[in-house]
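Throughout, residue positions are numbered sequentially from 1 according to the sequence presented. Scope of the values below: all heavy atoms of this structure, side chains included, with no hydrogens, waters or symmetry mates.
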Amino acid sequence: MDNLIKNWQKRNISGLFVKSKDQAVKKILEIIPSSASVGISGSVTLDQLGIVKLLESRGNKVFNQYKSGISREESLKLRKQGAQADYYLTSANALSREGELVFFSGYGHRIAGIANAGKVIVVCGINKITPNIEEALKRSREYATPLNCKRLDWVTPCFKDGICRKDVCLFPEYKRMCCQILTIEAEVAPDRLKVIMIDEKLGF
Ligand code: SF4
């Protein structure tokens, strides 16, 4: 883990290793001021942390596009506002031991949040670490995306059997989920991008 944190330092990314979900939650609440606005991406890891409710209950303005009962238009508006918030909270699909972070996205809202928010916190379980960038991309496409298609009911070739067939995963037959892919190799602005690594298996 020390090597990974050093590799991030060279990329202007600050890495933090914590033992448990509870410690991660504590850290996030320490880092984000209660006056800050927060954008979020859809993420099983964030759900497992229960962080959105905690931020909301202590007074943070969270642009929560998953609030129940809101319209599609309201949800889209919140995604756009979230992408320009003071902080953006998300998880990666995979990361390499060398320090690259990989994010796959359907509509690109998460990519917009990572690019535009004031500061970005990426929260990941250790199960998302891969030996190199090639394996990180492979994990994202061949493992994480099929599970996300299943979770979100996206009709894609991988939806049924978990096998990616990207050559035929095209419209109108399929609603492809792997539309936009972001690899972060480094961050220009100092102290803007943080990764909190949790010593647990979280998300997928
Ligand atoms: S390209 Fe299509 S089939 Fe392949 S993982 Fe992405 S959504 Fe699934």
Side-chain angles (χ1 to χ4, degrees), residues 11 13 39-48 52 63-85 88-117 120-187 193 195 201-204:
R11 297 170 185 270
I13 297 169
I40 53 165
S41 74
S43 157
V44 173
T45 302
L46 294 184
D47 289 349
Q48 289 170 319
V52 172
F63 297 109
N64 182 1
Q65 63 268 33
Y66 303 108
K67 249 187 294 183
S68 63
I70 61 171
S71 64
R72 175 78 188 143
E73 288 69 35
E74 180 65 9
S75 168
L76 280 174
K77 192 173 152 198
L78 288 164
R79 284 166 210 262
K80 284 183 187 158
Q81 289 172 321
Q84 305 202 336
Y88 194 76
L89 263 180
T90 187
S91 187
N93 294 115
L95 48 100
S96 76
R97 286 202 181 282
E98 288 142 22
E100 294 110 335
L101 309 173
V102 174
F103 304 83
F104 275 43
S105 184
Y107 292 97
H109 297 295
R110 176 162 66 156
I111 293 173
I114 292 167
N116 293 307
V120 179
I121 302 176
V122 180
V123 193
C124 279
I126 46 162
N127 48 313
K128 294 189 177 176
I129 301 175
T130 62
N132 53 46
I133 184 64
E134 290 77 19
E135 288 298 319
L137 288 163
K138 193 171 153 73
R139 179 187 198 281
S140 303
R141 174 139 15 222
E142 296 180 12
Y143 178 72
T145 305
L147 290 174
N148 275 322
C149 287
K150 195 114 202 130
R151 174 173 75 94
L152 299 169
D153 243 357
W154 283 44
V155 182
T156 56
C158 65
F159 173 80
K160 269 195 200 147
D161 57 10
I163 296 169
C164 173
R165 295 178 193 85
K166 64 180 177 177
D167 297 344
V168 298
C169 185
L170 298 166
F171 302 90
E173 282 83 3
Y174 296 111
K175 186 182 175 188
R176 183 175 174 127
M177 186 178 272
C178 305
C179 292
Q180 301 190 22
I181 297 171
L182 170 69
T183 301
I184 296 184
E185 296 187 345
E187 167 62 46
L193 179 57
V195 183
K201 288 185 179 173
L202 292 165
F204 41 74

| Can you list every salt bridge (charged side-chain N to carboxylate O under 4.0 Å, His left out) pair that touches residues 91-107, not counting sequence neighbours? | Arg11-Glu100

| query | Do the side chains of Trp154 and Phe159 get nearer than 4.5 Å, heavy atoms only? | reply | no

| task | Please list all pairs passing the side-chain hydrogen bond (donor to acceptor under 3.5 Å, both in side chains) test where one or both residues lie in residues 130-141, with sequence neighbours left out. | result | Lys138-Glu142

| With sequence neighbours left out, what residues match Thr90 under side chain to side chain donor-acceptor pair (under 3.5 Å)? | Ser41

| query | With sequence neighbours excluded, what pairs up with Ala85 under the side chain to side chain contact (heavy atoms under 4.5 Å, CB included) test? | reply | Ser37, Phe63

| Interatomic spacing from CG in Leu76 to CD in Gln65 - rounded to 0.5 Å | 9.5 Å

| field | Separation between CD of Glu185 and CD1 of Ile133, rounded to the nearest 0.5 Å | value | 7.0 Å

| Residues in salt bridge (Lys or Arg N to Asp or Glu O under 4.0 Å) with Asp153, at least two apart? | none

| request: Just jot down the side chain to side chain donor-acceptor pair (under 3.5 Å) partners of Glu187, sequence neighbours excluded, or say none. | output: Arg192

| note | So CG of Asn64 and CD1 of Ile70: to nearest 0.5 Å the spacing works out to 7.0 Å

Which pairs would a plain distance check flag for residues 167-175, meaning a side-chain donor or acceptor within less than 3.5 Å of a matching protein atom at least two apart in sequence or in another chain?
none

| Are any non-hydrogen side-chain atoms of Leu147 and Val44 less than 4.5 angstrom apart? | no

| task | State, with a plain yes or no, whether a side-chain heavy atom of Met177 is found less than 4.5 Å away from one of Leu152. | result | yes

| task | Just jot down the side chain to side chain contact (heavy atoms under 4.5 Å, CB included) partners of Cys124, sequence neighbours excluded, or say none. | result | Ser91, Ala92, Leu95, Val122, Lys128, Met197

| note | Residues Val102 and Leu137: closest non-hydrogen pair is CG1-CD2, 3.9 Å

| query | Where is the tightest heavy-atom contact between Val195 and Leu101, given as atom of each residue plus distance? | reply | CG2-CD1, 4.0 Å

| field | side chain to side chain contact (heavy atoms under 4.5 Å, CB included) involving Ser71 - partner list, sequence neighbours excluded | value | Glu73, Glu74

| note | dist Leu193:CG -> Tyr88:OH (nearest 0.5 Å) comes out at 13.0 Å

| task | Apply side chain to side chain donor-acceptor pair (under 3.5 Å) to Ser75 and list each qualifying residue two or more places apart in sequence or on a separate chain. | result | Arg79

| task | Write out all pairs satisfying side-chain hydrogen bond (donor to acceptor under 3.5 Å, both in side chains) with one or both partners inside residues 103-114, taking only residues at least two apart or from two chains. | result | Asn93-Arg110

| task | Can you measure from OG1 (Thr156) to CD1 (Ile163) and round to the nearest 0.5 angstrom? | result | 12.0 Å

| request: Rounded to the nearest 0.5 Å, what's the gap from CD1 on Ile121 to CD1 on Ile40? Could you check? | output: 13.0 Å

| Min side-chain heavy-atom separation Ile114-Phe103 under 4.5 Å | yes

| Pairing residues for Ala83 by the side chain to side chain contact (heavy atoms under 4.5 Å, CB included) criterion, not counting sequence neighbours | Ala112

| message | Could you report the tightest heavy-atom contact between Cys178 and Arg176, atom names first, then the distance? | response | O-NE, 2.8 Å

